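All figures in this text were calculated on a predicted structure; none of them were measured in a lab.
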Amino acid sequence: MTPITVEEFEKKVVISEEESNCGEKDSLKLGAVLRRFLDVQQRRALAYARLKRGFQDYMASGVESAYQQLCSDITVEFSDCSKQVLEMESQFLTAPCFREDLALLLRSVQNQEKMKLQLTAKIQVLKRAGRPSERLVSHENCRFSKPSGHECVHIQKITEASGTEEAEADAEYDNALKEAIKGVQDAVTTINEHLEEVRYEIAALED
């Protein structure tokens, strides 16, 4: 194969750059897609606010049905948001303006949002269960000998070993909750950094 000259190589590079550059109209389209993406992120933020309020109401009232319906509604909302972002991501991977960097940016946000949602669910599950030493005891399996009393199967001799087991269970619970909360905080930080990148990109495209 005959090696190309420096002049031929430079010519190919120039042509390649010209083909990859977006026109003003295309740049505005890309900016519009990114603005739609920011709108979707706002929808996600509102959904999280609803989920937080709903969980607080559930913890205060104990009404399971309302909380379960809320979780179902939020799941549908997040699914729709993810679907829209995937469609936007695909637009950045097609002509006339191939912008893999923007596609990867949206994909990174998607991954962080998935992690955030999983950890948020984990936090709520842990808080619903409560610390092992503070959980309410159900007496449904106890034997009632008379209306005023019963033989409780939960009564046991308190020993040093049982106390240690309870302390270890509490420590494991506390660590799991702490790690989940930190994971959500880290995801939020990364998402916000990416959103700032998106805003800078919009400004550059629309300048």
Colleague: Between Arg128 and Glu64, does a salt bridge (Lys or Arg N to Asp or Glu O under 4.0 Å) hold up when you go through it step by step?
Modeller: CA-CA 11 Å; Arg128 288 176 68 187; Glu64 185 82 21; 2.7 Å; yes

Colleague: Out of curiosity, Leu34 CG to Glu197 CD, how far, rounded to the nearest 0.5 Å?
Modeller: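 If I round to the nearest 0.5 Å, the distance is 11.5 Å.
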
Colleague: Taking all atoms of both residues into account, what is the closest heavy-atom pair of Phe37 and Val198, and its distance?
Modeller: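 Closest approach of Phe37 to Val198, heavy atoms only: CE2-CG2, 3.9 Å.
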
Colleague: So, taking the atom named NZ in Lys182 and the one named CG in Leu119, what distance separates them when rounded to the nearest 0.5 Å?
Modeller: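 One finds 11.0 Å between NZ of Lys182 and CG of Leu119.
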
Colleague: Nearest 0.5 Å, what's the SG-CZ distance between Cys81 and Arg44?
Modeller: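 So the SG of Cys81 and the CZ of Arg44 are separated by 5.5 Å.
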
Colleague: Just wondering, are more than 12 heavy atoms of other shown residues or ligands nearer than 6.0 Å to CD in Glu172?
Modeller: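 No, the 6.0 Å shell around CD holds no more than 12 heavy atoms from other groups.
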
Colleague: Can you list the steps and then say if Leu38 with Arg199 is a side chain to side chain contact (heavy atoms under 4.5 Å, CB included)?
Modeller: CA-CA 9 Å; Leu38 293 181; Arg199 294 186 183 96; 4.1 Å; yes

Colleague: For Gly31 and Leu205, work out which heavy atoms get closest and say how close.
Modeller: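 Heavy-atom minimum between the residues: N-CD1, 3.7 Å.
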
Colleague: Stepwise, does the salt bridge (Lys or Arg N to Asp or Glu O under 4.0 Å) test hold for Glu201 with Arg99?
Modeller: CA-CA 11 Å; Glu201 189 65 38; Arg99 288 293 303 271; 3.0 Å; yes

Colleague: In Å, rounded to the nearest 0.5 Å, how long is the span from CZ of Arg50 to CD1 of Ile74?
Modeller: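 Those atoms lie 4.0 Å apart.
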
Colleague: Answer yes if Leu117 and Ile191 sit in the same cluster of Ile, Leu, Val, Met, Phe, Trp and Tyr residues linked by side chain heavy atoms under 4.5 Å apart, and no otherwise.
Modeller: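 Cluster IDs for Leu117 and Ile191 differ.
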
Colleague: For Ile123 versus Ala180, what's the shortest heavy-atom pair and its separation?
Modeller: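 Reported closest heavy-atom pair: CG1-CB, 3.5 Å.
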
Colleague: Roughly how far, to the nearest 0.5 Å, is the CD1 atom of Ile181 from the CD atom of Gln185?
Modeller: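 Reported value, rounded in 0.5 Å steps: 7.0 Å.
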
Colleague: Just how far is it from atom CD of Glu87 to atom CG of Leu106, taken to the nearest 0.5 Å?
Modeller: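 Interatomic distance, Glu87 CD to Leu106 CG, rounded to 0.5 Å: 12.0 Å.
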
Colleague: Please tell me whether Leu86 and Leu102 are part of a single hydrophobic cluster in this structure, the criterion being side-chain heavy atoms less than 4.5 Å apart.
Modeller: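 Different clusters: Leu86 never reaches Leu102 through Ile, Leu, Val, Met, Phe, Trp or Tyr contacts under 4.5 Å.
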
Colleague: Could you walk me through whether Asp73 and Gln69 satisfy the side-chain hydrogen bond (donor to acceptor under 3.5 Å, both in side chains) test, starting with their C-alpha distance in whole Å, then the side-chain angles of each, then the deciding distance to 0.1 Å, before giving a yes or no?
Modeller: CA-CA 6 Å; Asp73 294 343; Gln69 182 59 51; 2.9 Å; yes

Colleague: Less than 4.5 Å apart, side chain to side chain, heavy atoms only: is that true for Val85 and Glu113?
Modeller: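 No. Closest side-chain heavy atoms not under 4.5 Å.
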
Colleague: State plainly whether one hydrophobic cluster holds both Tyr58 and Leu51, where clusters connect Ile, Leu, Val, Met, Phe, Trp and Tyr through side-chain heavy atoms under 4.5 angstrom apart.
Modeller: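 In one cluster with Tyr58: Leu51, no.
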
Colleague: Considering residues, nucleotides and ligands other than Met88, do more than 12 of their heavy atoms fall under 6.0 Å from its CE?
Modeller: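 Yes, CE of Met88 has more than 12 neighbouring heavy atoms, counting only those of other groups under 6.0 Å.
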
Colleague: So which heavy atom on Lys116 is nearest to which on Val184, and how close?
Modeller: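 Smallest heavy-atom distance, with atoms named: O-CG2, 4.1 Å.
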
Colleague: Apply side-chain hydrogen bond (donor to acceptor under 3.5 Å, both in side chains) to the pair Gln110 and Arg107, showing each step before the final yes or no.
Modeller: CA-CA 5 Å; Gln110 284 282 82; Arg107 173 57 59 88; over 6 Å; no

Colleague: Determine, step by step, whether Leu93 and Phe98 satisfy the side chain to side chain contact (heavy atoms under 4.5 Å, CB included) criterion, reporting the C-alpha distance in whole Å, the side-chain angles of both residues, the deciding distance to 0.1 Å, and the verdict.
Modeller: CA-CA 5 Å; Leu93 296 176; Phe98 182 83; 4.0 Å; yes

Colleague: Minimum heavy-atom separation for Lys127 to Met59, with atom names?
Modeller: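 Answer, listing the atom of Lys127 first, then Met59: O-CE, 3.4 Å.
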
Colleague: Mind telling me whether Phe78 and Tyr48 have parallel, tilted or perpendicular rings, with 30° and 60° as the class edges?
Modeller: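 If you compare the ring of Tyr48 with that of Phe78, the planes turn out tilted.
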
Colleague: Any heavy-atom pair between the side chains of Glu193 and Gln112 that's under 4.5 Å?
Modeller: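 They are not in side-chain contact.
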
Colleague: Using modelled atom types only, decide if a donor and an acceptor are shared between the side chain of Ser79 and the backbone of Thr75 within a distance under 3.5 Å.
Modeller: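 Checking the backbone N and O of Thr75 against the side chain of Ser79, no donor-acceptor pair under 3.5 Å is found.
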
Colleague: Using the side chain to side chain contact (heavy atoms under 4.5 Å, CB included) rule, take His194 and Gln41 through it: C-alpha gap first, then chi angles, then the decisive distance, then the call.
Modeller: CA-CA 11 Å; His194 288 333; Gln41 288 302 114; over 6 Å; no

Colleague: Determine whether Tyr67 and Gln124 satisfy the following criterion, side-chain hydrogen bond (donor to acceptor under 3.5 Å, both in side chains), listing intermediate values before the conclusion.
Modeller: CA-CA 11 Å; Tyr67 175 68; Gln124 293 192 356; 2.4 Å; yes

Colleague: Before giving the answer on side-chain hydrogen bond (donor to acceptor under 3.5 Å, both in side chains), spell out for Gln84 and Asp80 the whole-Å C-alpha distance, their side-chain angles and the decisive distance to 0.1 Å.
Modeller: CA-CA 6 Å; Gln84 290 192 40; Asp80 184 61; 3.1 Å; yes

